[in-house]
Peer 1: 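Before I ask anything, let me first share the structure, which is written out below as structure tokens.
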Amino acid sequence: ASARQVNIAIIGAGGVGKCFLSQLESLAARRQNQKLVLTYIATSKKAVYSDSYSPIALDSVVSTLSSSSQAPLALPKLVDYLAASGTKTVLVDNTSSQDIADAYPSFLRRGISIVTPNKKAFSGSYKLWQDIFAAKEEGGSLLYHEASCGAGLPVISTIKDLVETGDEVTKIEGVFSGTMSFLFNSFAPTSGSGGGKWSAEVAKAKELGYTEPDPRDDLNGLDVARKLTILARYAGLEVESPTSFPVQSLIPKQLESVASGDEFLARLPEFDAEMEEVKAEAQKEGKVVRFVGSIDVASKQVKVGLEKFDLSHPIAALKGSDNIISFYTKRYGSNPLIIQGAGAGGDVTAMGVTSDLLKVLAQL
Ligand code: NHO
């Protein structure tokens, strides 16, 4: 019998997108009973596709894309194009675009499944969250977004499994940002010495590629707030948006509106003394400071910000850019289920997307 075909459409070919493409190439080569055909790929500027849905070769896709003169399809047109192929289709959204996230209901309603590391759809308005799951039901499509929290770590699948098997999540806490983890592990190490100036650590994190191009996008706490919004919703809380609960920003007020990320970095040393004080205050109590998020289900409290931890606490002892997420539930009692490991980076994030794709393929 001939292999069943599944069409793949991809938007986004940046840090995560490129790693995903190489994982997809090896997956397609190993896939026995399904033929995976790339029929559409786009960045914000360019696209490759054809009216006959001819396969785009995976081994040369990056160069095909960069030499293409085709423009991306507008989203409503893309929905029509993909739905008209007559073949089961999976859309992989490797962007951080809110516009694309807002269009998920239109794709899902037309039977197009989605896998994505993009947090915007699940941490936007509560209405969008409801629309997405209603459209998925209506279209009989599938939807996975493991990498929207904790990169490749099994965080979303774990909370879904806990809830769907009838456990009750009471509290979730942890370090949800790879960037913040790296910054505090090096600024305030448990050894007490060796931490550099705050501004120097931020500059180093940027140099190593851990931060967003503009480090303020990490330091304002919103990335963590988005991840907590998603988890809180799965835990049963109707969180309205990532700005509907307290989020501590580490951007000094005076630098909120400077024009560029570079100017921000240049002026950050003016505020080193403030961060030094925060660190010293924790040290006086024999603790270290870390940037954490927590969800208390009973009191419906979600919060993001700095907290002090004993040196022996697992949150204090994290290494590198690792995330740690502790789930307290009825079943697990006072010893939480803990997930820990790399929480940022192209390859591990793409792994979350590829494993989601495998889950979809198994059901198509
Ligand atoms: P890039 O490198 O900026 O690439 C984005 C691509 O999307 C580009 O090709 C751009 O042309 C395209 N694009 C943007 N808007 C478009 C539009 N409207 N139409 C068509 N194309 C468009 O971004 P990344 O780094 O590859 O990230 C891709 C997605 O993965 C984002 O949603 C990001 O939030 C998500 N993600 C990334 C990481 C990571 O490590 N890079 C993680 C999770 C999810 O676990 C990671 C994480 O949370 C990192 C976080 N900063 C932390 O914890 O410190």
Side-chain angles (χ1 to χ4, degrees), residues 171-208 210-212 214-228 242-243 245-258 261 264-296 299 301-326 328 334 336 338 340 343-344:
K171 192 172 87 175
I172 304 171
E173 69 174 13
V175 171
F176 294 86
S177 158
T179 308
M180 291 288 204
S181 183
F182 176 80
L183 282 174
F184 283 94
N185 298 342
S186 28
F187 172 65
T190 44
S191 63
S193 64
K197 289 211 166 69
W198 173 250
S199 60
E201 296 297 351
V202 174
K204 188 164 92 193
K206 181 176 158 65
E207 230 172 77
L208 288 170
Y210 288 123
T211 69
E212 301 290 318
D214 185 337
R216 284 175 294 184
D217 291 337
D218 293 298
L219 296 176
N220 65 11
L222 185 60
D223 179 70
V224 176
R226 287 191 179 283
K227 293 167 182 168
L228 286 179
T243 54
F245 51 85
V247 177
Q248 184 181 2
S249 168
L250 298 187
I251 301 173
K253 273 265 170 299
Q254 298 90 320
L255 299 188
E256 261 167 12
S257 55
V258 298
F264 169 75
L265 278 179
R267 290 195 48 197
L268 196 56
E270 296 166 32
F271 302 89
D272 279 342
E274 282 177 28
M275 284 303 282
E276 213 54 50
E277 217 172 285
V278 171
K279 179 164 137 179
E281 204 185 290
Q283 256 166 357
K284 257 188 265 161
E285 300 173 32
K287 296 182 177 184
V288 288
V289 66
R290 295 290 182 263
F291 195 82
V292 296
S294 64
I295 299 164
D296 187 85
S299 66
Q301 277 195 349
V302 184
K303 61 178 196 289
V304 173
L306 291 174
E307 276 177 44
K308 292 175 260 182
F309 291 89
D310 286 330
L311 302 184
S312 60
H313 195 287
I315 285 183
L318 278 187
K319 298 275 179 285
S321 64
D322 280 5
N323 284 180
I324 184 168
I325 293 122
S326 304
Y328 293 82
S334 54
I338 302 176
Q340 179 179 341

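What you are looking at is a predicted structure, and each value in this text was computed from that prediction instead of being measured.
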Peer 1: If I take atom OG from residue Ser199 and atom CZ from residue Arg267, how far apart are they, to the nearest 0.5 angstrom?
Peer 2: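 Going from OG on Ser199 over to CZ on Arg267, the span is 13.0 Å.
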Peer 1: If you round to the nearest 0.5 Å, how far is CG of Leu268 from CE of Met275?
Peer 2: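 Reported value, rounded in 0.5 Å steps: 9.0 Å.
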Peer 1: Which distance, rounded to the nearest 0.5 Å, do you find between the CG of Leu183 and the OG1 of Thr211?
Peer 2: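 Output value for this atom pair is 8.0 Å.
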Peer 1: Write down the atom of Ala344, the atom of Gly178, and the distance for their closest heavy-atom approach.
Peer 2: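 Closest approach of Ala344 to Gly178, heavy atoms only: CB-CA, 4.1 Å.
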Peer 1: Can you name the closest pair of heavy atoms from Val224 and Phe176 and give their distance?
Peer 2: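 Scanning both residues completely, I find the closest heavy atoms to be CG1-CB, 4.0 Å.
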Peer 1: Side chains of Arg290 and Leu318, heavy atoms from C-beta outward: is any pair under 4.5 Å?
Peer 2: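 No; the side chains remain at least 4.5 Å from each other.
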Peer 1: Just how far is it from atom CG of Asn323 to atom CD of Gln340, taken to the nearest 0.5 Å?
Peer 2: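 These two atoms lie 9.5 Å from each other.
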Peer 1: If every non-hydrogen atom of Pro246 is compared with every non-hydrogen atom of Val302, which pair is closest and at what distance?
Peer 2: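 Minimum heavy-atom contact is CD-O, 3.4 Å.
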Peer 1: Around Glu285, counting heavy atoms of other residues, nucleotides and ligands shown, do more than 12 lie under 6.0 Å from its CD?
Peer 2: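 Counting neighbours around CD of Glu285, more than 12 heavy atoms of other residues, nucleotides or ligands fall under 6.0 Å, so yes.
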Peer 1: What's the spacing between Phe184 CZ and Glu201 CD if we round to 0.5 Å?
Peer 2: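 Here the rounded value is 10.5 Å.
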Peer 1: Quick one, Phe187 and Val202 - any side-chain contact, counting heavy atoms below 4.5 Å?
Peer 2: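 No, too far: nothing below the 4.5 Å cut-off.
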Peer 1: Is it the case that over 12 heavy atoms from other parts of the model lie below 6.0 angstrom from the CD atom of Glu276?
Peer 2: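 Buried by this count: over 12 neighbours within 6.0 Å.
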Peer 1: What are the two closest non-hydrogen atoms of Lys227 and Ser177, and how far apart are they?
Peer 2: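 Heavy atoms of Lys227 and Ser177 come nearest at NZ-CA, 4.2 Å.
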Peer 1: If every non-hydrogen atom of Phe264 is compared with every non-hydrogen atom of Pro252, which pair is closest and at what distance?
Peer 2: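 The answer is CE1-CD, 4.3 Å.
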Peer 1: What I'd like to find out is whether the side chain of Glu256 reaches to under 4.5 Å of the side chain of Lys253, using heavy atoms alone.
Peer 2: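 The answer is yes; the side chains approach within 4.5 Å.
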Peer 1: Please assess Leu222 against Val247 for the test side-chain contact (heavy atoms from CB on, under 4.5 Å), listing each intermediate value before the final yes or no.
Peer 2: CA-CA 7 Å; Leu222 185 60; Val247 177; 5.9 Å; no
Peer 1: Are the side chains of Trp198 and Leu250 in contact, using a 4.5 Å heavy-atom criterion?
Peer 2: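 When only atoms from C-beta onward are counted, Trp198 and Leu250 do touch, with a gap below 4.5 Å.
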Peer 1: Show the nearest heavy-atom pair for residues Leu311 and Thr190, with the distance to one decimal.
Peer 2: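 That would be CD1-O, 3.9 Å.
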Peer 1: Can a donor-acceptor pair be found, under 3.5 Å and without considering hydrogens, that links the side chain of Asp310 to the backbone of Ser312?
Peer 2: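 Not confirmed, Asp310 side chain does not pair with Ser312 backbone.
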Peer 1: Would you compute the distance between atom NZ of Lys171 and atom CD of Gln301 and round it to the nearest 0.5 angstrom?
Peer 2: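 If we round to the nearest 0.5 Å, Lys171:NZ and Gln301:CD are 12.0 Å apart.
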Peer 1: Given Arg216, which partner from the list Asn220, Asp214, Asp218 fulfils the side-chain contact (heavy atoms from CB on, under 4.5 Å) test?
Peer 2: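 So, applying the side-chain contact (heavy atoms from CB on, under 4.5 Å) to Arg216 and each of Asn220, Asp214, Asp218, only Asp214 qualifies.
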Peer 1: Could you please spell out the steps behind the side-chain contact (heavy atoms from CB on, under 4.5 Å) verdict for Val292 and Glu173?
Peer 2: CA-CA 7 Å; Val292 296; Glu173 69 174 13; over 6 Å; no
Peer 1: Considering residues, nucleotides and ligands other than Lys308, do more than 12 of their heavy atoms fall under 6.0 Å from its NZ?
Peer 2: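 Result for NZ/Lys308: enclosed.
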Peer 1: Output yes when Glu207 and Lys204 qualify as a salt bridge under the 4.0 Å nitrogen-oxygen rule, no when they do not.
Peer 2: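 No, this pair does not count.
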Peer 1: Is the closest side-chain heavy-atom distance between Asn185 and Asp322 below 4.5 Å?
Peer 2: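 The answer is no, as the side chains (C-beta and beyond) never meet within the 4.5 Å cut-off.
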Peer 1: So does Lys303 have more than 12 non-hydrogen atoms from other groups sitting under 6.0 Å from NZ?
Peer 2: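 Atom NZ in Lys303 is not packed in, count stays at 12 or less.
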Peer 1: Do Val288 and Lys279 come within less than 4.5 Å of each other through their side chains, counting heavy atoms only?
Peer 2: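 No. Closest side-chain heavy atoms not under 4.5 Å.
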